[in-house]
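These notes concern the structure reproduced below.
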Amino acid sequence: MFATLALVYAIQTHTEEVSRLRTLLPNGAVVLVTHRPTADKLIIQLAIADKNCPETATSNGQRHLLEHLMAKGVHKDVDRRLELRGAFLTAETDRDATVFTLNLKPGDLDLGLLAVSEISSLGEQTKEDIAKEAEIIREEVALEDEPRKFSIAAWKAAFGDGGLDPMGDPDRLAQVTPAQLSELHHTVFVGANVRLLIDGDVDLDAATKEARPVLELIPDASYKQTSRGRGTSGSASIDIEGAARAAIVPGASLMETAASLAAALAVGAEIPGCFVTYTPTADYGLVIVGKVGDAHDMLHLIDTANPDQYFALGRSLAKEWVLNREAGSLGTIRALMVAGDAASHPEDILENLSQMGVGDFRSAFAKFRPGKAVSVVGQ
Amino acid sequence: MIFLGPALALQAPAILSVPDPASPDTCVAVVVKLPQLGDEDWQTLELIAHVLPDGSMTYTRQSVLQLTDGHRVHVVLQRDALILSVEAPSRSSQGALKVISSILTEPALVQGELDDGIHDLLNQKTRYFDEEISRPKFSLSAVSSESAVTLFKRIIRPDRVSIAFGGSGSFADMQSKWADLTAGWQAQDDDSFQDLTPPKLALSEDEVQTLVLHGPEVLPSTGQLPAVLLATYALGVGKGSSLFRIPREKHGWSYLQSSFLSPTLAGWEPRLFVAALRKTFTENMISDLRQDLADDVKSWSEDDRTRALQMLEATLTRGVPYGAIWLGDGPVGESLQDRTEFSDYWMMKTGQPWDPQKLIDICESVDLDTLKTTALKIVG
């Protein structure tokens with residue numbers, strides 16, 4: 001059993017001072033409350049890590065299916081009831097966590113916590129419910145854009161099955177049974193995987209006190225945390241014109257990762273039409289820069305440019321990238337980082353960017369070059 | 001507070017201020033009101049819009065990035081407006097002004113850039129919703145620099161343009177600097193447009209197709225906008241909307257459905273769309289959808305009206321990113337750039353300052369019967 005542990009800290013962002021209270025509950029769940037005095041909305045995020053049940057070839061996509069069904073609520077009408085009060089629920093499943101985000105009116109903490117309580121419980125599901133949702137996921141898969149396809153290829157090349165895309169195969173998902181889904185819910189929904197983030201003009205202690213009962217009933221469970229491994233450089237081909245280069249990076253809180261993000265964003269700003277992808281994680285991951293269509297200009301720049309001239313630009317863009325993905329901007333960066341490691345936060349990336357030297361940036365830039373990078377070549 | 005400069009001056013553009021003292025950045029936005037354009041002119045303008053972010057005759061792409069601390073020029077082209085904007089840290093606001101004024105007065109419409117742009121546009125993949133935002137498939141094989149410059153000067157004239165300064169920084173200083181930078185900018189006399197061929201819409205070749213229902217055009221001056229806007233929200237914004245409940249939850253046809261107001265030259269047209277795999281479509285899908293939506297609208301209660309109002313408020317004031325008021329190819333967001341661009345655009349379109357709370361208040365006066373009648377007209 002963990003002892004309850006609370007940690008208060010204050011952070012000065014570029015525009016306002018915010019304070020935070022992080023509380024570790026006995027079952028391993030974490031409540032992280034942010035007091036943002038100027039907030040015009042209340043954001044509540046429920047992050048569920050998958051540290052004890054990562055994607056495998058056989059389970060691929062099941063967490064995503066679970067997310068779709070949980071988001072409906074026990075009575076399958078949670079959205080409509082929230083929207084009647086001006087609140088809005090979104091959900092996304094990434095490789096290492098699922099995040100539910102509620103955008104509420106500033107004073108609607110009760111409503112938000114009630115909704116969290118409801119979506120935390122998987123209501124009764126029939127085989128027909130699952131088959132129908134698998135068809136909706138089929139439609140979702142069809143909407144995937146080209147950058148995502150480059151990303152999927154890069155992850156597969158770097159990490160094999162450990163880098164499987166969480167979207168899943170709709171044909172296989174349609175075969176998932178209600179019992180399998182219920183078992184997955186029991187496995188993944190344990191205290192050590194669950195993080196509840198509250199961000200708004202709220203009292204730190206009062207909001208934490210109100211949130212605790214929502215999480216305290218979640219079972220405690222010990223398990224061995226898995227890692228997808230360090231990954232390997234290499235290459236993959238894809239049936240889309242274009243190219244992508246990915247740098248293998250360690251956890252989001254490390255300098256190497258911040259510098260790689262800065263390098264990718266500098267390339268992306270310099271070459272029109274580029275995309276940059278990074279999903280913060282505590283595990284090894286990828287920072288990807290790519291371009292759909294003729295990508296020779298991007299590859300030429302990566303392979304021949306003097307990184308020093310992009311140092312200031314990359315740092316500036318990376319800081320903005322982090323700030324734009326905060327909860328107050330409906331971003332999930334904090335939820336994803338806390339899901340992987342309760343003590344990590346976006347300020348780690350900002351601090352690393354402030355401390356970043358030209359040498360760090362040069363090394364990071366080099367990670368996108370042949371030999372070190374994961375290359376995806378479009379056909 | 002929104003300050004309005006001279007609104008209909010013949011030469012001097014209107015200038016708006018969209019203050020946000022808490023923002024570390026400044027945004028300079030320009031809205032160009034478009035005339036009716038034929039297919040060839042429209043496509044040439046699309047090419048121009050594609051190459052404009054690359055800078056001007058004075059400022060290259062690299063020097064733009066340096067002047068703005070890494071921000072690129074953002075360009076939106078929609079049926080009624082061409083919008084340019086760029087952000088920069090407030091300490092670099094002069095750089096943002098220089099970049100935008102330079103692009104307006106000396107765009108880099110050189111042959112090499114245009115040829116590269118044509119290559120990009122001819123090879124760009126059509127997205128499933130392009131048809132819904134009236135973006136015809138690009139088909140021009142060549143555009144001369146001379147013709148591009150001529151069209152640019154006919155369209156981008158001081159009397160068609162309004163400017164907005166957003167964020168922190170001194171409005172008076174920016175206004176003064178802007179006047180200096182654009183002192184020699186004058187409209188050409190020729191304001192005629194010979195090519196009035198209606199634009200052609202291209203069907204998507206993707207495996208994802210889009211079913212669209214078009215509602216009747218609404219003009220800003222007629223007083224019908226609040227009912228049409230609220231009906232658009234009730235029909236297709238949010239997961240309690242008719243479009244979510246019927247095509248997705250009832251039929252399982254689609255992952256993505258939405259509704260929005262698509263700009264026309266004079267006003268807006270409500271559109272409902274359902275994106276679905278080609279194989280999901282059936283012969284009767286449109287008629288079935290119309291009938292289901294009409295039946296649903298007839299059953300609406302005060303709850304549906306309340307939900308639509310709440311979603312309107314959530315999207316306009318709290319950053320819920322799925323609103324029915326779009327700029328370019330997506331809903332208006334809450335970034336400084338979006339707020340600055342949209343404030344400028346709304347003034348151009350309606351002659352009124354953008355005041356989301358006022359719009360919400362007006363929409364609250366739409367009663368349930370009016371909402372249902374309006375929605376039934378949209379559904380058709």
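Throughout, a chain's letter reflects where its sequence line sits, starting with A, and its residues are numbered from 1.
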How many angstroms lie between atom OG of B:Ser254 and atom CD of A:Glu135, to the nearest 0.5 angstrom?
12.5 Å
If a pair satisfies ring pair (Phe, Tyr, Trp, His ring centres under 6.0 Å) and one of its residues is in residues 70-89 of chain A, list it, with sequence neighbours excluded.
A:Phe88-B:Tyr322
Counting distance only, does the side-chain N/O of A:Lys132 pair as donor-acceptor with the main-chain N or O of B:Lys250 below 3.5 Å?
yes
Gap between atom CG of B:Leu277 and atom CG of A:Leu143 - 0.5 Å precision
7.5 Å
Expected contact set for residues 65-73 of chain A against chain B at heavy-atom separation under 4.5 Å reads A:His68, A:Lys72
Heavy-atom proximity to chain B below 4.5 Å, by part of A:Ile137:
neither
According to salt bridge (charged side-chain N to carboxylate O under 4.0 Å, His left out), who are the partners of A:Arg85, at least two apart in sequence or on a separate chain?
A:Asp108
Pick one of side chain, backbone, both or neither for B:Glu249, based on which atoms fall under 4.5 Å of a heavy atom in chain A.
both
The criterion is ring pair (Phe, Tyr, Trp, His ring centres under 6.0 Å); which residues satisfy it with A:Tyr310, sequence neighbours excluded?
none
Quick check: does any side chain N or O of B:Arg318 sit under 3.5 Å from a backbone N or O of A:Gly86, one acting as donor and the other as acceptor?
yes
Where does A:Leu317 contact chain B at under 4.5 Å (heavy atoms): side chain, backbone, both or neither?
side chain
Let's test your reading of the structure: which of B:Asp304, B:Asn123, B:Leu312 forms the most heavy-atom pairs below 4.5 Å with chain A?
B:Asp304
Counting only heavy atoms closer than 4.5 Å, note whether A:Glu133 contacts chain B via side chain, backbone, both or neither.
side chain
Between A:Ala142, A:Ser316, A:Pro272, the one whose heavy-atom pairs under 4.5 Å with chain B are most numerous
A:Pro272
I'd like to know whether CD of A:Glu124 has more than 12 heavy-atom contacts from other residues, nucleotides or ligands below 6.0 angstrom.
no
Decide side-chain contact (heavy atoms from CB on, under 4.5 Å) for A:Lys41 and B:Glu334; before the verdict, give the C-alpha distance in whole Å, the side-chain angles of both, and the deciding distance to 0.1 Å.
CA-CA 12 Å; A:Lys41 60 179 89 72; B:Glu334 60 176 354; 3.1 Å; yes
Determine, stepwise, if the pair A:Glu140 / B:Tyr255 fulfils side chain to side chain donor-acceptor pair (under 3.5 Å).
CA-CA 5 Å; A:Glu140 186 180 1; B:Tyr255 175 74; 3.2 Å; yes
Flag, side chain of A:Glu83 to backbone of B:Lys239, donor-acceptor distance under 3.5 Å
yes
Considering only heavy atoms, which portion of A:Asp294 lies under 4.5 Å from any heavy atom of chain B: side chain, backbone, both, or neither?
side chain
Walk me through it: do A:Glu270 and B:Gln62 pass the test side-chain contact (heavy atoms from CB on, under 4.5 Å)?
CA-CA 7 Å; A:Glu270 180 67 20; B:Gln62 286 79 8; 2.6 Å; yes
For residues A:Arg81 and B:Arg307, determine if any side-chain heavy atom of one lies less than 4.5 Å from a side-chain heavy atom of the other.
no
Take atom CG in A:Asp171; do more than 12 heavy atoms of anything else shown fall under 6.0 Å from it?
yes
For the atom pair CG (A:Leu82) and CE (B:Met311), what is the distance rounded to the nearest 0.5 Å?
8.5 Å
A:Ala269 to B:Arg72 - nearest heavy-atom pair and separation:
O-CD, 3.6 Å
Using heavy-atom distances under 4.5 Å, tell me whether A:Ala87 contacts chain B through its side chain, its backbone, both, or neither.
backbone
Of B:Asp303, B:Thr280, B:Thr317, the largest count of non-hydrogen pairs under 4.5 angstrom with chain A goes to B:Asp303
Identify which of B:Glu313, B:Arg248, B:His119, B:His251 forms the greatest number of heavy-atom pairs closer than 4.5 Å to chain A.
B:Arg248
Working to the nearest 0.5 Å, report the span between NE2 of B:His71 and CG of A:Leu313.
9.5 Å
Most heavy-atom pairs under 4.5 Å with chain A, out of B:Thr315, B:Leu65, B:Thr306, B:Asp120, belong to B:Leu65
